[in-house]
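Counting from 1, the numbers follow the sequence of the chain as shown.
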Amino acid sequence: KSFGKSTIYLGKKIVVWGKADALVITDVLTPKDNSLLLITDIEKSRTGQLLFEWDFYLKNLEFNLYAIPFPLYNLYPEQGHPYGLPLNYTIKNLDEFSKKEQNSEAAFRVNYESDWGSTALLLASIHNRDAVLETLNIFDLSFQEKHERYLFLGLTMDIALKKMLLKMEAAYEKEKLIQTYTDFFGQQILTATKKNVLSLMGGADYNHSRWGNWILEFSGSKAIDWSHLLLVSWSKSFLDDDFKLSTGVTFYDHLKNNSFNASSSYKINDSLETTLSFTLIDIQRPLASNPSLSQLSEMDQVGLEIKYLF
């Protein structure tokens, strides 16, 4: 409901704070569906949640206040799935978070719009959206899932330059609960640790009528050690935008650790659209920041989506 310079909203909503197309570091409010892992487009993975939002507009400034009574967390593949937890793992408190018994959350954003672009300051008191597992008993493989409150500070900026868009994100997360690992007689044991996390992202979008749309993004994050990602992608539409091709490659900490994805979509008519996609994962060097990602190497993915609008 709108009145004067204010707007009030109550209901399920997706909140997008980040400027990046893929390597987003400031989208901390909206939970994601990671059931298909790397094959899922980030825009399609956002699931939304119940929240209260108050927006206030003052010339070039926009103020957003959010209250989330029942926070939701990221979704993952079912246990036993090749990309999920093994069936012999037991999560003791699995139902705790499905009952929406978590503490409420609050967030604030102030955004400045100008002819050259926009700049936003972000502040939030939230829980980690990613599931963090802590080992209870290594012998019976029992674990507990943990989500704890932390303070988030962020900055986003984009600058429009003719056919190019420059974008930047920065985030500082104080005492955030992260997944860590401890060696136990040669076996990696899941542990949970609170750390101050610093993350940075920079990138550029270039749009050309003949050569298509190009995206270059680089992000780095430091909790214990620095880890970084590099993404290069291309897409172009044909046949009056009915047929679209896209491809991209992402490097994880090293040029020998990469994933390659490609997709094609065709809009048959106003009601029917098909999309064929595949992802190749090649992790050749162990990742100290994410040992579980190494297990996905050679677990390539193929997807077919048929969308029909009634």
Side-chain angles (χ1 to χ4, degrees), residues 14-30 32 38-46 60-62 64 109-122 152-173 197-222 226-238 241 243-265 275 277 279-282 287 289-290 293:
I14 294 175
V15 177
V16 180
W17 276 358
K19 299 294 184 180
D21 293 85
L23 307 184
V24 188
I25 62 174
T26 56
D27 272 353
V28 294
L29 292 188
T30 296
K32 298 178 180 64
L38 301 179
I39 204 173
T40 307
D41 182 88
I42 188 171
E43 293 185 3
K44 296 180 181 179
S45 69
R46 297 184 176 108
N60 292 346
L61 288 174
E62 176 186 353
N64 311 113
R109 171 180 178 263
V110 55
N111 184 63
Y112 175 77
E113 294 279 352
S114 66
D115 294 336
W116 53 265
S118 65
T119 302
L121 297 175
L122 317 169
F152 172 88
L153 298 172
L155 170 68
T156 65
M157 179 183 297
D158 58 23
I159 302 174
L161 300 174
K162 294 184 177 180
K163 295 183 179 181
M164 182 176 292
L165 177 68
L166 303 180
K167 50 197 178 181
M168 184 276 291
E169 298 181 29
Y172 175 74
E173 296 165 298
V197 183
L198 176 65
S199 303
L200 301 170
M201 188 287 302
D205 297 354
Y206 178 74
N207 300 319
H208 194 280
S209 57
R210 173 178 291 185
W211 306 115
N213 303 324
W214 293 84
I215 297 174
L216 173 65
E217 293 180 355
F218 179 85
S219 71
S221 179
K222 185 181 188 302
W226 275 104
S227 62
H228 56 268
L229 298 172
L230 173 65
L231 174 135
V232 181
S233 69
W234 169 86
S235 64
K236 183 173 174 56
S237 298
F238 305 87
D241 294 337
F243 181 62
K244 181 179 180 180
L245 294 176
S246 62
T247 182
V249 59
T250 303
F251 299 95
Y252 304 87
D253 285 349
H254 194 278
L255 294 179
K256 290 188 176 181
N257 294 337
N258 62 80
S259 66
F260 173 82
N261 63 81
S263 67
S264 64
S265 61
T275 300
S277 59
T279 300
L280 305 178
I281 307 172
D282 185 20
L287 292 171
S289 60
N290 191 357
L293 185 62

Testing the basics here: between [X] and [Y], what is the closest heavy-atom pair and its distance to 0.1 Å?
X	Y	value
E169	A20	OE2-N, 2.8 Å
N111	S118	OD1-CB, 3.9 Å
I25	M201	CD1-N, 3.8 Å
T250	Y252	O-CE1, 3.7 Å
L200	A170	CD2-CB, 3.7 Å
I42	A22	CD1-O, 3.7 Å

Who passes side chain to side chain donor-acceptor pair (under 3.5 Å) against [X], sequence neighbours left out?
X	answer
E173	Y150, K176
T156	none
S199	S221
W116	S114

Only distances under 3.5 Å count here; give the side-chain donor-acceptor pairs of residues 206-215 to other protein atoms, sequence neighbours excluded, each with its distance to 0.1 Å.
{"unit_1": "H208", "atom_1": "ND1", "unit_2": "R210", "atom_2": "N", "d": "2.9"}
{"unit_1": "H208", "atom_1": "ND1", "unit_2": "W211", "atom_2": "N", "d": "3.2"}
{"unit_1": "W214", "atom_1": "NE1", "unit_2": "W211", "atom_2": "O", "d": "3.1"}

Quick one: list whatever passes side-chain contact (heavy atoms from CB on, under 4.5 Å) with [X], sequence neighbours left out.
X	answer
L161	I159, L166
K244	S235, S237, S265
A262	T247, F260, F278
V16	I14, D27, R46

Not counting sequence neighbours, which residues clear salt bridge (Lys or Arg N to Asp or Glu O under 4.0 Å) with K167? List them please.
D21, D205, E217
Validation row: L230, L216 side chains within 4.5 angstrom (heavy atoms):
yes
Do L245 and W234 have side-chain heavy atoms sitting under 4.5 Å apart?
yes
Partners meeting ring pair (Phe, Tyr, Trp, His ring centres under 6.0 Å) with F152 (sequence neighbours left out)
none
Listing request: all salt bridge (Lys or Arg N to Asp or Glu O under 4.0 Å) pairs with a residue in residues 156-165, at least two apart in sequence or in separate chains.
K19-D158
